[in-house]
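To keep things clear, I will list the structure first and then write my remarks on it.
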Amino acid sequence: VYVGALSLHYEALSVEASKQTTAEEIVSCIVERLGLTGNNYELAEVAGECKERRLSAHEKPVSVMLLWPMHSEKDFHR
């Protein structure tokens with residue numbers, strides 16, 4: 001998860017998630033790990049350089065990610 005300006009120490013954080021993990025659960029994990037306050041955070045799916053889509057709290061990001069095309073050289077979703 002890219003955390004951008006939310007952290008001076010991390011550009012991104014890894015989160016262990018299953019196909020059933022919700023966006024809300026992932027955001028909660030990131031907020032806790034970074035010691036953030038408030039609840040005005042969201043998760044977005046970013047495609048390329050300029051296309052972004054906010055995920056609803058109950059969407060399942062791993063299931064969404066599995067719909068992405070496979071990166072041919074390294075066998076991972078991108």
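Note that the coordinates shown come from a computational prediction; the quantities given were computed from them, not determined experimentally.
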How close do L55 and E45 get, counting heavy atoms only, and between which atoms?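 Looking at all heavy atoms of both residues, the shortest contact is CD1-N, 3.2 Å.
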Do you know the tightest heavy-atom contact between V3 and S7?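 What the structure gives for the nearest pair is CG2-CB, 4.0 Å.
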Atom pairs and distances, donor-acceptor, side-chain atoms in residues 23-31, under 3.5 Å, two or more places apart:
residue : atom : partner : partner atom : Å
E25     : OE1  : T22     : N            : 2.8
E25     : OE1  : T22     : OG1          : 3.3

Honestly curious: do L6 and V1 fall in one hydrophobic cluster under the side-chain, below-4.5 Å linking rule?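 They do share one cluster, since a chain of ILVMFWY contacts under 4.5 Å joins L6 to V1.
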Residue pairs passing the side chain to side chain donor-acceptor pair (under 3.5 Å) test where at least one lies in residues 30-44, sequence neighbours excluded: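 Of all non-adjacent pairs touching residues 30-44, those that pass side chain to side chain donor-acceptor pair (under 3.5 Å) are E42-R54.
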Return all side-chain donor-acceptor pairs below 3.5 angstrom for residues 9-20, not counting sequence neighbours, or 'none' if the list is empty.
residue : atom : partner : partner atom : Å
S18     : OG   : Q20     : N            : 3.1
S18     : OG   : T21     : OG1          : 3.4

